[in-house]
Asker: 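There's a structure below that I have some questions on.
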Amino acid sequence: MTDAATRAPRPGGPADAARDNDVVTGDGLTDLLNAVLSVASGLDLRGVMERFVKVSAELTHARYGAINVLDARGASTTFVQTGMPTSIAEMMSNPPHSIGVLGRIPAHGVLLLDDLTRHPAFRGFPPDHPPMGSFLGAAVRVREQVYGYLYLSEKDGGFTRADAEVVVALAAAAGIAVANAQLYADAARREHWLRAGQDITTMLLSGVDEEEALEHIAATAREVAGADTAALALPGVGGELVIELADGHAAESLIGAVMPRDGRSWAVMDEGRGLLVESLSQSRVVRVAPMRAFGPALFAPLQTSGRGVGVLIVLRRIGSAPFEPSDLVTAESFAAQAALAFVLAEARHAQDVAALLDERERIARDLHDLAIQQLFATGMQLETVRRRAARGVDPSELMGIVEDALDNVDGSVRQIRQIVYALRDPDAATGLVERLRREASLARTGLGFAPSFVVSLDGTVVPDGDYIEADQLDARIGPDLTDDVVAVVREGLANAARHAQASSVSVRVSVRGSGPTGRVLVEVEDDGAGLAGRSDRRSGTGNLAARARQHGGTFSLGATPDGRGALLSWEAPLG
């Protein structure tokens with residue numbers, strides 16, 4: 001350790017010589033090994049630093065200990081201390097910089113001082129700082145780069161060479177622990193980014209409003225990146241790149257800002273590569289005034305298959321820690337996934353438009369081939385009646401033709417009504433059983449499993465594919481009541497997905513009798529958390545109660561008979 005330590009001159013003497021020759025042996029070595037294991041075992045970065053400082057102070061018997069993590073400019077980004085009273089620590093709001101004596105700590109070895117105030121580089125203590133004399137400082141290196149510095153001070157009798165050995169060993173363990181914690185945090189961030197990207201994809205492909213999806217992209221990026229603000233610069237009118245959405249601190253000031261053609265945003269979108277900026281406030285090339293109010297920035301292209309959709313801009317306040325290269329990699333992946341989902345959503349919208357045009361053509365064909373042709377034939381019949389009446393034919397002979405013509409008119413009216421009703425309700429041509437099975441299938445995504453589904457008619461279960469009994473069930477339930485039954489099942493399944501935390505959900509729809517004396521009963525039962533602590537939307541359950549009242553029925557939401565989970569029950573008369 002003689003070559004690894006730097007010591008200020010000290011008065012000679014036997015006690016000093018003995019202290020200089022101290023080594024870690026016996027119980028001290030055991031304590032050191034245990035301390036190394038304690039420091040190296042954590043995965044939480046803050047926890048690793050707290051244990052490192054505490055253990056270092058305990059093993060060296062220092063009154064004060066601290067670790068100071070610095071950025072590339074030498075400014076403190078994280079400061080963890082022990083030994084100093086909280087009241088004093090709060091008064092000293094600014095952590096120390098790597099200047100003065102602290103700037104003389106070597107990258108390898110230690111700085112060992114009997115009295116730091118006698119060092120030539122000492123510049124005095126800040127206000128409210130407690131007095132300190134003996135000092136031991138060491139660098140903590142991560143992957144051969146200095147990550148931060150350990151400060152130990154105020155040991156009775158001064159620090160020894162043995163203390164320096166302890167600190168060097170602990171600093172090496174801390175460097176490994178910090179590296180592991182950083183890898184773990186990077187992996188957690190990547191997972192969070194990927195999960196967020198999957199959520200965005202699911203949202204866009206499920207048919208959510210485009211603006212709502214873009215707002216969710218910005219809010220998610222800000223949260224996952226640990227940023228203060230996130231914005232989306234999208235192509236606007238005239239080919240400009242404009243910030244159309246922003247979320248977080250000072251978001252309003254950014255919305256509407258036009259990105260310069262030769263600026264970073266256009267470069268990122270054109271080249272398809274993201275970039276990091278250490279501080280926008282200190283950059284000389286930032287021409288969008290509101291962006292000068294921010295420090296670190298991250299630009300990621302919203303690009304897929306060579307097509308630029310826009311730019312994701314993630315910002316932190318002035319003085320915040322800069323973004324890491326790993327942040328840029330994961331943000332680029334998230335932005336690419338969001339862009340792909342966005343393009344797919346656009347394609348699906350185009351498909352929907354094409355399907356709408358196809359549907360219009362089908363309606364035109366139906367009107368022509370069914371209603372119009374039938375009306376034309378009716379017109380021919382009436383023309384025949386007119387000609388025969390003009391020739392003086394007995395009216396009794398014409399009655400049959402007139403009655404046929406009236407029947408054809410009634411048939412045409414019914415066909416036109418069916419076409420119009422199908423336009424108002426696309427599910428009009430679909431039976432109740434099929435619509436309910438569709439609701440159960442759609443609920444699978446939100447629940448994480450398929451709910452059980454049973455429909456019965458007069459106590460007999462309607463089998464899957466039994467169209468005869470399904471038609472009989474439709475004949476007993478009118479269109480309005482059918483819509484309400486479907487709405488009740490939909491709300492019950494959504495409620496279970498949001499709040500129940502259930503492993504099973506069953507839907508039971510029972511129809512008994514017909515007319516005013518008949519009843520339809522809908523039950524949605526889950527085995528989840530029950531009603532305790534459940535914050536159901538008043539609007540959802542209120543709507544179900546209103547639907548029941550409209551038909552003169554009943555609605556209830558309570559515990560299941562066995563007390564496990566919740567039971568939604570909705571009943572109404574058929575006629």
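The residues of the chain are indexed from 1 along the displayed sequence.
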Asker: Is the backbone of Ala496 close enough, under 3.5 Å, to the side chain of Asp526 for a donor and an acceptor to pair up by distance?
Answerer: no

Asker: Working to the nearest 0.5 Å, report the span between CG of Leu298 and CD1 of Ile313.
Answerer: 10.0 Å

Asker: Where do Asp327 and Leu276 land on the side-chain contact (heavy atoms from CB on, under 4.5 Å) test, with the steps shown first?
Answerer: CA-CA 9 Å; Asp327 294 322; Leu276 299 176; 5.6 Å; no

Asker: Roughly how far, to the nearest 0.5 Å, is CD1 of Ile243 from CE of Met259?
Answerer: 3.5 Å

Asker: With the side chain counted from C-beta on, respond yes when Phe122 and Leu116 share a heavy-atom pair under 4.5 Å apart, and no when they do not.
Answerer: yes

Asker: Where do Leu113 and His119 come nearest, in terms of heavy atoms and distance?
Answerer: CD2-CD2, 3.8 Å

Asker: Minimum heavy-atom separation for Pro106 to Ala139, with atom names?
Answerer: O-CB, 3.5 Å

Asker: Does a side-chain heavy-atom distance below 4.5 Å link Leu102 with Phe135?
Answerer: yes

Asker: Using side-chain heavy atoms (C-beta onward) and a distance below 4.5 Å, is Phe159 in contact with Thr60?
Answerer: yes

Asker: Salt bridge between Arg222 and Asp247, side-chain N to carboxylate O under 4.0 Å?
Answerer: yes

Asker: Do any N or O atoms from the side chain of Asn495 and from the backbone of Gly492 form a donor-acceptor pair under 3.5 angstrom?
Answerer: no

Asker: Would you check, one step at a time, whether the test side-chain contact (heavy atoms from CB on, under 4.5 Å) holds for Val311 with Leu232?
Answerer: CA-CA 6 Å; Val311 178; Leu232 290 174; over 6 Å; no

Asker: For residues Ala233 and Leu241, report the shortest heavy-atom separation together with the two atoms involved.
Answerer: O-CD1, 3.6 Å

Asker: Does Ser134 offer a backbone N or O that forms a donor-acceptor pair with the side chain of Ser153 under 3.5 Å?
Answerer: yes

Asker: Report yes or no: does Glu154 contribute a side-chain atom to a donor-acceptor pair with the main-chain N or O of Gly133 at less than 3.5 Å?
Answerer: yes

Asker: Between Arg264 and Ser283, do the side chains contain an N or O donor and an N or O acceptor separated by less than 3.5 Å?
Answerer: yes

Asker: Quick one: does NZ or CZ of Arg317 land under 6.0 Å from the six-membered ring centre of Phe294, within 45 degrees of the ring axis?
Answerer: no

Asker: Take atom CZ of Arg564 as the centre, draw a 6.0 Å sphere, and report whether it contains more than 12 heavy atoms from other residues, nucleotides or ligands.
Answerer: no

Asker: Would you indicate whether Arg261, at its atom CZ, is surrounded by more than 12 heavy atoms from other residues, nucleotides or ligands within a distance under 6.0 Å?
Answerer: yes

Asker: What's the spacing between Leu275 CG and Phe299 CZ if we round to 0.5 Å?
Answerer: 6.0 Å

Asker: Are Ile217 and Leu245 close enough that some pair of their side-chain heavy atoms sits under 4.5 Å apart?
Answerer: no

Asker: Any side-chain to backbone donor/acceptor pair from Thr229 onto His249? Under 3.5 Å, distance only.
Answerer: yes

Asker: Roughly how far, to the nearest 0.5 Å, is the CD1 atom of Ile105 from the CG atom of Leu112?
Answerer: 11.5 Å

Asker: Closer than 3.5 angstrom, by distance alone: can the side chain of Arg292 be matched with the main-chain N or O of Val286 as a donor-acceptor pair?
Answerer: yes

Asker: Do you know the tightest heavy-atom contact between Val268 and Gly274?
Answerer: CG1-CA, 4.3 Å

Asker: Between Asp270 and Ala267 (side chain of the first, backbone of the second, donor and acceptor by atom type, cut-off under 3.5 Å), is there such a pair?
Answerer: no

Asker: Is there side-chain contact between Val146 and Val140, with at least one heavy-atom pair below 4.5 Å?
Answerer: no

Asker: Under a plain distance cut-off of 3.5 Å, with no hydrogens placed, do Asp527 and Ser503 share a side-chain donor-acceptor pair?
Answerer: yes

Asker: Hey, mind stepping through Val167 and Leu136 against side-chain contact (heavy atoms from CB on, under 4.5 Å) and telling me if it holds?
Answerer: CA-CA 9 Å; Val167 166; Leu136 176 58; 3.4 Å; yes

Asker: Is Ser253 reaching over with its side chain to a backbone N or O of Ala250, donor-acceptor style, under 3.5 angstrom?
Answerer: yes

Asker: For the atom pair CG (Leu152) and CG (Asp163), what is the distance rounded to the nearest 0.5 Å?
Answerer: 8.5 Å

Asker: Just so I know, are the side chains of Phe323 and Arg316 near enough to count as touching, which here means a heavy-atom distance under 4.5 Å?
Answerer: yes

Asker: Decide yes or no for Ser320 and Asp228: does some side-chain heavy atom of the first lie under 4.5 Å from some side-chain heavy atom of the second?
Answerer: yes

Asker: Can you check side-chain contact (heavy atoms from CB on, under 4.5 Å) on Leu254 and Met291, steps first, answer last?
Answerer: CA-CA 7 Å; Leu254 295 173; Met291 298 190 74; 3.8 Å; yes

Asker: For a 4.5 angstrom cut-off between non-hydrogen side-chain atoms, does Val277 reach Pro296?
Answerer: no

Asker: How long is the straight-line distance from CG of Leu170 back to CZ of Arg51, given to the nearest 0.5 Å?
Answerer: 12.5 Å

Asker: Tell me if a side-chain donor or acceptor on Arg63 pairs with a main-chain N or O of Lys155 at a distance below 3.5 Å.
Answerer: no

Asker: Might you point out which heavy atoms bring Ala107 and Arg141 nearest each other, and give the distance in Å?
Answerer: O-NH1, 2.7 Å

Asker: Over all heavy atoms of both residues, which pair between Glu240 and Trp266 is shortest? Give the atoms and the distance, please.
Answerer: C-CZ2, 4.1 Å

